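Quick notes on the structure that follows.
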Amino acid sequence: MEDNKDYQQISGWGIDADPEDEPNYPIKKYTGDDHNRSNWERPQLQVQDVEILKSNERPSLSAVFGTASPPTGLSGVIRRHAFKYSENSYGHWLPLLLADRINVVEGIIEDLSEGVIPNIFAERGWKADFKYNKGALAKKVLIRAAVLGVIVICLSKKKKRKSFFG
Amino acid sequence: MLAMNYRGPFRVRASEKPDPVILHPEDAIIKVTRSCICGSDLHLYHGLVPDTRVGMTFGHEFMGTVVDIGSDVHKLKVGDTVLVPFNIACGKCAFCKQELYGNCHESNSQATAVGGIFGYSHTAGGYDGGQAEYVRVPYADVGPTVIPEGMDPDDALLLTDVVPTGYQAAEMGGIKPGDTVVVFGAGPVGIMAAKCAWLFGAARVIVIDHLEYRLEFVRNYANCEAYNFGSLEDPVLFLKKTTDWFGADVCIDAVGGDAAGNAMQTLTGRKLLLQAGSATALHWAINSVKKGGIVSIVGVYGPTDNLIPIGNVVNKGITIRANQASVKRLLPRLIDHIMAGRLDPKAIITHRFPLEEIAEAYHMFSAKLDNCIKPVLVMSAK
C-alpha cells in the first residue's frame with residue numbers, strides 16, 4: 001500500500017488534513033467558561049404546563065423542554081420513582097426500561113378504550129415482508145400459529161381435566 | 001397532523017396528532033417536507049433506549065419550511081426552507097460556547113449526559129420529532145440553517161445528521177496523512193465516515209460489516225476496502241495481519257448498540273438488555289487499533305454500562321474520542337464540500353416512502369430488506 005499513491009487522486013484527498021489540529025474536537029474550543037460553572041445567562045424559561053420529570057443531577061428544568069407523552073398510569077408511577085435516583089444508578093435506568101414495557105400494554109388498552117383495535121401486523125410492517133421477504137413472513141406466521149396451537153391445546157386439556165375432577 | 005406514532009418495540013404507525021404550537025419565544029414551527037429514518041432510530045425502534053414512551057414521534061433528520069416563529073426569533077422568517085440539525089442547542093451555555101452543540105445544558109431536563117435531540121426518547125429531552133407533517137423547533141435562531149441556493153434538497157437533508165456524524169467520526173480520529181483507518185459498520189454513518197477519512201489524508205480505509213450489499217456499496221462509493229466479518233475467522237486478527245501485525249492507526253465505531261458478530265454481546269446487550277446495547281464493534285475497535293492509536297466513537301449506546309476491554313485501552317495507551325456530532329459547527333465546511341462535489345450524500349438514499357407507510361419503512365430498514373441503506377420519508381405536498 002505504501003507505494004500506491006492512487007488514493008491521492010480521490011476528490012478532496014487531504015484537504016482537511018491539519019497536523020496542528022491537536023488536541024482535536026471535542027476539546028479544541030475550550031474557552032475557560034467552565035470555571036464559571038452553570039452561571040451563564042440563561043435563555044427565557046419555557047412555561048411548564050405538563051409534568052416533566054427532572055434528572056436529580058440538575059437543580060432545575062432546562063430552559064426549554066419537550067412536552068410529548070407526559071407520564072401516565074402505572075408506567076408513570078414507575079418513571080416518577082426512577083427519577084428519584086441519579087443517572088449513575090441502576091435504580092434509575094432499569095425501572096425506566098420496565099416502565100417502557102408496561103407502557104406498551106397501556107398503549108394497547110388506550111387504543112381499545114378509544115375503539116381502535118391495533119393492527120399489530122401492519123404496525124410491525126409485515127407488508128414489507130410480503131413484498132420482499134415472503135420466506136421469512138411464512139416462517140413467522142407458522143411459528144406464531146404453532147405457539148398459538150400449543151397454547152390452545154394446553155388450555156383445552158386443562159379444562160377437560162378440571163371438568164373430569166370437578 | 002399526520003405523524004409517526006411509536007406503539008412499542010418493532011411497532012409504529014402513522015396517526016393523527018395535534019399540530020405543534022409555539023411554547024417558547026425562541027421556537028419555530030416547521031412544515032416538514034422530507035425526513036429520514038436514522039440507524040440510531042432503530043435503537044429506539046428495537047426498545048433499547050430507556051424512557052422511550054408510547055405515543056412519541058421519532059425523527060431527528062428533517063428539513064422543511066418555516067410556518068410560524070416565536071417573538072424572539074430573528075434570523076428566520078416564515079417561508080424559509082431550512083435544514084434542522086438533530087441537536088437542540090441554546091447557543092448560550094458553557095458547552096454551546098465551546099461548540100459542543102450536542103452537549104447543550106439548556107435543552108434536556110431528563111438527563112445531564114446528553115443534550116436535547118428531536119424525537120429521541122425522554123432520555124434526550126422528550127421532544128416529538130420530525131417524522132411528522134409539522135414539528136416544533138426550539139432555539140430556532142441557533143440550529144436551523146437556510147438551505148443554500150443550488151443545493152439538492154436530499155443533500156441538505158443528510159446534512160442534519162449523517163454527513164456531520166460521519167465527518168466528525170473521521171475528524172475525532174485525528175487522522176494524519178498516510179494513516180490506515182478502519183471503520184466498523186457500513187451503515188449510512190460508516191459509509192460517510194469512510195468517505196470523509198480521505199479528506200483528512202488517509203492512505204488506506206477499510207470498512208468491516210457483515211452485509212454484502214452494503215460492503216459492495218461502500219467499496220464503490222468511498223473507494224475503500226471492505227470486508228465481511230462473517231467470512232473472517234477473527235476480524236481483529238485479520239486487521240492485525242493486514243497492517244503488518246501493527247494495528248490500525250485509527251478505528252471508528254460507527255455501529256453502536258445494535259452490533260452483530262458476538263453471540264455473548266448480542267445476548268446480553270440486545271436480547272436481555274443487561275448492557276446498554278451490544279458493544280461488539282467497540283470491542284473490536286479497541287483491540288484492532290495500534291498502541292497509542294485513536295478510537296473514535298459515534299455509534300449510539302444506551303446510558304447504562306457496556307462490556308468493553310478497558311484494560312486494553314490502558315495497556316495500549318489508546319485515546320478514545322467520542323461525541324454526538326456538533327452539526328452546527330460543521331455545517332459551513334460540509335456545505336462547501338458538497339457544493340464543490342467532494343461529497344455526494346444523496347447517493348446513499350435507496351428508498352423513499354410516504355409518511356403513511358412508516359411501519360413498512362421502519363421494518364424494511366431494520367430487517368435490511370431490498371438492500372436498504374437509507375430510507376427517506378417524503379411528506380405529501382398538501
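Keep in mind the model is a prediction, meaning the values are calculated, not measured. To find a chain, count down the sequence lines: A is the first, B the second, and so on, and within it residues start at 1.
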Can any side-chain N or O of [X] pair as donor or acceptor with the backbone N or O of [Y] at less than 3.5 Å?
X      : Y     : answer
B/R53  : A/S69 : yes
A/N103 : B/V54 : yes
B/H122 : A/A68 : yes

Side chain, backbone, both or neither of [X] within contact of chain A (heavy atoms, under 4.5 Å):
X      : result
B/Y6   : neither
B/P9   : both
B/A322 : backbone
B/D72  : neither
B/F10  : both
B/T57  : neither
B/K176 : side chain
B/F118 : neither
B/A170 : neither
B/E357 : neither
B/I175 : neither
B/C90  : side chain
B/P25  : side chain

Output the distance between atom [atom1] ([X]) and atom [atom2] ([Y]), rounded to the nearest 0.5 Å.
X      : Y      : atom1 : atom2 : answer
A/R124 : B/H363 : CZ    : NE2   : 8.5 Å
A/D6   : B/N223 : CG    : CG    : 10.5 Å
A/L98  : B/L273 : CG    : CG    : 11.5 Å
A/N24  : B/Q168 : CG    : CD    : 9.0 Å
B/R321 : A/Y25  : CZ    : OH    : 12.5 Å

Note to self: Between B/E106 and A/R42 (salt bridge meaning N to carboxylate O under 4.0 Å), is one present in this structure?
What the structure shows: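 Yes.
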Check: If you take all heavy atoms of B/R11 and A/P118, which pair is closest and at what distance?
Finding: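 Heavy-atom minimum between the residues: NH2-CB, 4.0 Å.
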Given side chains that start at C-beta, do those of [X] and [Y] come closer than 4.5 Å, heavy atoms only?
X      : Y     : value
B/R342 : A/I15 : yes
A/I120 : B/R7  : no
B/L23  : A/V47 : no

Margin query: Using side chain to side chain donor-acceptor pair (under 3.5 Å), reason through B/Q98 and A/D34 one step at a time and then give a plain yes or no.
Written below: CA-CA 10 Å; B/Q98 294 172 74; A/D34 287 4; 2.8 Å; yes
So which part of [X] gets closer than 4.5 Å to some heavy atom of chain B, the side chain, the backbone, both or neither?
X     : answer
A/L61 : both
A/A99 : neither
A/P71 : both

Item checked: Pairing residues for B/Y167 by the ring pair (Phe, Tyr, Trp, His ring centres under 6.0 Å) criterion, not counting sequence neighbours ->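 Residues passing ring pair (Phe, Tyr, Trp, His ring centres under 6.0 Å) with B/Y167: B/F200.
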Next item on the list: Give me the contact list for residues 109-117 of chain A versus chain B, heavy atoms only, anything under 4.5 Å, ordered by residue number.
Entry: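 The residues closer than 4.5 Å to chain B, in numerical order, are A/E110, A/D111.
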Next item on the list: May I have all residue pairs that pass side chain to side chain donor-acceptor pair (under 3.5 Å) and include part of residues 107-120 of chain B, sequence neighbours excluded?
Entry: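 Output for this query lists A/E57-B/T112, A/S62-B/S109, A/E87-B/T112.
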Next item on the list: Can you tell me which residue pairs pass the side chain to side chain donor-acceptor pair (under 3.5 Å) test with a partner in residues 131-141 of chain A, sequence neighbours excluded?
Entry: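 Qualifying pairs, neighbours excluded: A/D129-A/K140.
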Notebook entry, point to check: For the candidates B/A367, B/P138, B/A276, B/A202, which exhibits the highest count of non-hydrogen atom pairs separated by less than 4.5 Å from chain A?
Noted result: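 Top count of heavy-atom pairs under 4.5 Å with chain A: B/A202.
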